[in-house]
Amino acid sequence: MGKFTMGLRRSSPTILTALGIVGVVGTAVTAVRATPKALRLIKAKKDELETDKLTPMEGRWNYVA
């Protein structure tokens, strides 16, 4: 096997760990960025229905993005 292939085999745990960390951080960033919008939409729905609590059917998402 070539030097590149051997190096890749030796480094694969490190590479996969780094990719996993990037995925976790990316997921956390996406969730943090989406939270304010979700809270605004929930508040708007509560105001629309004039209630303090929403049932799962009242609070369902009918739109994406």
Side-chain angles (χ1 to χ4, degrees):
M1 283 193 215
K3 286 184 181 182
F4 177 75
T5 306
M6 288 302 292
L8 190 59
R9 280 184 182 244
R10 269 191 242 128
S11 300
S12 64
T14 304
I15 294 168
L16 291 173
T17 300
L19 288 173
I21 291 169
V22 168
V24 168
V25 170
T27 301
V29 168
T30 303
V32 168
R33 290 184 64 201
T35 298
K37 180 179 179 182
L39 293 175
R40 281 194 309 271
L41 292 171
I42 290 169
K43 183 179 180 330
K45 190 68 170 183
K46 284 180 179 179
D47 292 345
E48 176 188 322
L49 297 175
E50 298 175 354
T51 185
D52 288 335
K53 285 190 159 194
L54 294 176
T55 65
M57 288 304 290
E58 293 169 336
R60 73 180 188 266
W61 297 87
N62 292 330
Y63 30 77
V64 175

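With hydrophobic clusters built from ILVMFWY side chains whose heavy atoms lie under 4.5 angstrom apart, L19 shares a cluster with L8. Hydrophobic cluster membership is shared by I15 and F4, with clusters built from Ile, Leu, Val, Met, Phe, Trp and Tyr side chains linked at under 4.5 angstrom.
For the pair K46 and L54, the tightest heavy-atom approach, listed with the atom from each and the gap, is CG-CG, 3.9 Å.
Under the rule for a side-chain contact (heavy atoms from CB on, under 4.5 Å), the partners of V29 that lie at least two apart in sequence or sit in another chain are V25, R33. With sequence neighbours excluded, the residues forming a salt bridge (charged side-chain N to carboxylate O under 4.0 Å, His left out) with D47 are K43, listed by chain and number.
In this structure, V32 shares a hydrophobic cluster with no other residue, the cluster being traced through Ile, Leu, Val, Met, Phe, Trp and Tyr side chains under 4.5 angstrom apart.
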